[in-house]
Participant: 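Got a structure for you, written out below as structure tokens; questions coming shortly.
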Amino acid sequence: MSQQVTPEPVPEPQGPAAPDSMKKHQKKSSFVRWMKLLLKSKTGTVGFLIVMVVFIVGIFSDQIAPFGVNEQNYANMLVPPAWQEGGSSEHFLGTDNLGRDILSRIIYGTTISLLVGIFSVVVAGILGMAAGLFAGYYGGWIDTVTMRMVDAFLSIPNILFILVILTVLNPGIMTLIFAIGVTNWVIYARLIRGEVLSVKEREYVKAARSIGTKNLTIIRRHVLPNVFSTFIVISTLSVATTIILEASLSFLGMGVQPPDVSWGYMLADGRDYLATNWWLATFPGLAITITVLGIIFLGDWLRDVLDPRSQGR
Amino acid sequence: MSNGKELLNVNQLQTHFFTENGAIPSVNGVSFQVNKGELVAIVGESGSGKSVTSLSIMGLVEEPGKIVGGEIMFEDKDLAKYTNKQMRKIRGNDIAMIFQEPLTSLNPVFTIGNQLREAILQHQNVDKATAKKMSIDMLTQVGIPRADKVYSSFPHSLSGGMRQRVMIAMALSCNPKLLIADEPTTALDVTIQAQILELMKDLVKKMDTAIILITHDLGVVAELVDRVIVMYAGQVVEQSDVFSLFKDPKHPYTKGLLDSTPKIQDLNEELISIKGTVPTPANMPDGCKFHPRCPHAMDHCISNEPKLDTLENGREVRCWLYDEEVMADEQSKNGNEQSP
Amino acid sequence: MKRFLIQRFLQLIPVLIIMTFIVFSLVYVAGDPVALMLPEEATAEDVARVQESLGLNEPFHVQYGIFLMNAVQGDFGQSYRYNQDAMSIVLERLPATFELAAASMIFATLIAIPMGIWSATRRNTFIDLFITGSSVLGKAMPNFWLGIMFILILAVNTQLFPVSGRGTFMHVVLPAITLGTAVAAEMTRLTRSNMIEILQQDFVRTAKAKGVSNGIVTYKHSFRNALIPVVTIMALQTSTLVGGAIVTEQVFAWPGIGQLLVQAVNARDMAIVQAAVFLIAILVIVINLFADILYRLLDPRIKY
Ligand SMILES: Nc1ncnc2c1ncn2[C@@H]1O[C@H](COP(=O)(O)OP(=O)(O)OP(=O)(O)O)[C@@H](O)[C@H]1O
Ligand SMILES: [Mg+2]
């Protein structure tokens, strides 16, 4: 499963005025103003609420989950959800073939999904940023090689690269974060490089360089603020696609390994009981769908707010 | 009502845009007439409602806009009440329109010929071959060299002036009774502007088509048209034959417009622009909509809206200065103030 | 056009080199395939002999060179599990994957384009809301879960469709819808936004001013323009499609390249992994190239 994050660059605010206005926006606006903006959009609000709930569940999974992640109970195997005949209120979403509580496992799975989703985006972001800055700044053959690599990665479904990496490294959370990170860096590399190239040509940057301002300072002052909003939007939506990717790989048995629990892994488990015990495979999928839906809503709202030009699309 | 000469009679037309911030009355009670074969200009500053008026006549006002009142009598049919389907028989056939931007007004993925014959096939009972012949003939008439080659080329290969000629050919291809041209030359070079206008004038005279020419350029108005309608803030403020208007403008706004247009005779004279800007629909003033910018504004103008009054030889003006009662009142008030 | 094609082909070369380089070096890092190839009781000499014969003692760049030379000829070595030429095993699976991908693309296009147009022309109505809502949902649902739900409801419970496998038309319906949904969702969204943009263009108003029917305005003048970016989107989606196929084939036990690849990865059957990745990459690249050419044919403004 690779719904590749189609790099759909949010055109960043143009000109030197943009970073300033962004900064002011951030400082003054504070919490209340963002909240007001958020409440204006129904989907944005829904997305924000879902993401908040998912985060809270993910962070406090130990406290929230009624049962342990691998707490087996052979007396209570394959109990249906509470509202069905034979269900018990103790196991709201039922239990699996080993008598493990499905709700608890979904709650623990949240942590893993978020971990993989966020950290692989961080890895991709750092790698991509570094590559983009290098390529854009030094140009020449460094740029050529980097951009051909970007082309190569973009022309091939990223799940292929990840599968190849997974034949080499042992599957697990760290491997997943690494594998997803090193395949998704290209999106950021392209974005950052483009911005560096356009910034390099601007008069005030040329002026800054001529008086000997350090490259790093120029990057911090002129490049990063200009790509900031695009960066945030892409990253948010990337977390969503990464969560699906992680679930897919775990479903294939190449992602998260037991005793860790993953929604995708639960689904693969539940598939064998589809004919008789539908709830095993149904609820983990719902968890993925709702989480991803929330993140997409939030990301789309962010895109609308940070880039007014794309509104209504 | 029709006197046999009258082609179009717009009466108290109201077109509003229903936005999030409430209804915007972009056209707010506009009335005017156009006779058969007559050349009429509508002038006014940006945002005064000229385009919305013409789109209303065409039945092309887009959401969230809507005609909410008034009549558009065209040959004794009220177009304001027509459905979209009924309007389709009028559009391009009886009434045609040319838009401001020749660069974007032609579809980039179809040939000139394809787009040109579309109107002919739509409205005239001819086969494709005839439509093609008619199209090429039309292209020749608008002064396009090698018309049959242009017929099968794509818009991007033509210059702006050529494209506007194509637009004119397209508009006139079904021999319309009325042609609305919304700033047809604004986007073109000055030298080409004159050619295009000349061409339009020649063709409509030949075909006996009436024109509503929307423009900012009073120079064009003076040369081309018979009658002028001046619009301000969604209303007609003055209507006059072109000769009288230039000689003796009645409305202070018209005077302002004329003063802000360069004249060849006295280039050295300083141009006087009208102070202030067109009010936005959100903060439309009470009373006369022009009073905040008017050099002759009186107390009476602040809270009373003037009506469109008829003056001598068919001229019309919307201004209290031409209301004898009000003027008498004002004068006595001023007199009283001064005496003690 | 000829120049464009040549140029475009030349651009492919570095992409392919980098792609093969990445795949090769990963496999190189993965280490010794010989251990997997020989029976357990093999002696150290046996291992050394096989290593020698496979050229595994050569330095990295020489090995890569050999790999490239062989790859160009479609030779990725023997699958140790099948004892057969790896590429021929992969090619055997190609028709199945092609069938699935084509069916999904047809499904996605048939759904997405009318829906996108429909919602664009009825902006902010209930229908528009419903269609945009569904397309977000289509993007959010992982396709393996969707597939499992289809199996649960339409195959297990109601027995309308077979649960898995390939063969009849009925077999391909559920996998195709499963795989096509995400693509349809993205295509709907983009068709809609393109149509909305184009419906506001001046030339659409010109068409309306000619008095032609709404149908001609929407389908001739607007859609023909919206089609140009939609073709690009379809090409970009082939990547999504191929990625999705790997998972979908697993769900429906569809005997395609994806299924083969997953098995090969699990069994560390490097020859097959390399051959499959190489073939898929080439196919995706070729489809993108076709889309690029089609794009140029559709847009008369592009000159060569
Ligand atoms: N789609 C729309 N939505 C909201 N308001 C609109 C819309 N179109 C026009 N208006 C309003 O209608 C008013 C009149 O616009 P119109 O285009 O008719 O002016 P105009 O006289 O043609 O100006 P210009 O000389 O610049 O073409 C404007 O103030 C504008 O705010
Ligand atoms: Mg206008």
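So you know, we letter chains A, B, ... as the sequences are listed, proteins then strands, and number each from 1. Just so it is clear, the values below take in all heavy atoms, side chains as well, and ignore hydrogens, waters and symmetry mates. Since the structure is predicted, the reported quantities are computational estimates derived from the model, not experimental observations.
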Participant: Quick check: are there more than 12 heavy atoms from other residues, nucleotides or ligands sitting under 6.0 Å from CZ of A:F134?
Facilitator: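 Counting neighbours around CZ of A:F134, 12 or fewer heavy atoms of other residues, nucleotides or ligands fall under 6.0 Å, so no.
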Participant: In the structure I gave you, are the side-chain heavy atoms of C:L261 and A:L160 within less than 4.5 Å of one another anywhere?
Facilitator: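 A side-chain contact under 4.5 Å exists here.
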Participant: Shorter than 4.5 Å, heavy atoms on both sides: which option in C:I148, C:V273, C:V277 has the most such pairs with chain A?
Facilitator: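 Looking at each of C:I148, C:V273, C:V277 in turn, C:I148 comes out on top.
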Participant: Side chains of A:F251 and C:V251: closer than 4.5 Å at any heavy-atom pair?
Facilitator: yes
Participant: Could you tell me whether A:W83 atom CH2 has more than 12 heavy atoms of other residues or ligands within 6.0 Å of it?
Facilitator: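 Yes, because the 6.0 Å sphere around CH2 of A:W83 holds more than 12 heavy atoms from other groups.
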Participant: Using the side chain to side chain contact (heavy atoms under 4.5 Å, CB included) rule, pick out the option among A:T289, A:I288, A:I244 that qualifies with C:W145.
Facilitator: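 Passing option: A:T289.
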Participant: Mind checking side-chain hydrogen bond (donor to acceptor under 3.5 Å, both in side chains) for C:E249 and listing every partner two or more places apart, or none if nothing turns up?
Facilitator: C:T97
Participant: How far does CD1 of C:I151 sit from CZ of A:R271, to the nearest 0.5 angstrom?
Facilitator: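 So the CD1 of C:I151 and the CZ of A:R271 are separated by 7.0 Å.
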Participant: Is it the backbone or the side chain of A:A240 that comes under 4.5 Å from a heavy atom of chain C, or both, or neither?
Facilitator: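 Neither part.
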Participant: Is A:I243 in contact with chain C via its backbone, its side chain, both, or neither, using a 4.5 Å heavy-atom distance?
Facilitator: neither
Participant: Which distance, rounded to the nearest 0.5 Å, do you find between the CG of C:L152 and the OG1 of A:T282?
Facilitator: 5.5 Å
Participant: Is it the backbone or the side chain of C:V136 that comes under 4.5 Å from a heavy atom of chain A, or both, or neither?
Facilitator: both
Participant: By a 4.5 Å heavy-atom criterion (distance strictly below it), what part of A:M254 contacts chain C: side chain, backbone, both, or neither?
Facilitator: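 For A:M254, side-chain heavy atoms alone lie under 4.5 Å from chain C.
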Participant: First locate atom CE of C:M149, then atom CG of A:L267, and finally report the distance between them rounded to the nearest 0.5 Å.
Facilitator: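 Atom-to-atom, C:M149:CE and A:L267:CG are 7.0 Å apart.
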Participant: Out of curiosity, A:S248 OG to C:I246 CD1, how far, rounded to the nearest 0.5 Å?
Facilitator: 10.0 Å
Participant: Check whether any side-chain heavy atom of C:M141 lies under 4.5 Å from a side-chain heavy atom of A:L293, and answer yes or no.
Facilitator: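 No; the side chains remain at least 4.5 Å from each other.
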Participant: Counting only heavy atoms closer than 4.5 Å, note whether C:V156 contacts chain A via side chain, backbone, both or neither.
Facilitator: side chain
Participant: Sort by residue number and list every member of residues 279-291 of chain C having a non-hydrogen atom under 4.5 Å from chain A.
Facilitator: C:I280, C:A281, C:V284, C:I285
Participant: Are any non-hydrogen side-chain atoms of A:D151 and C:I18 less than 4.5 angstrom apart?
Facilitator: no
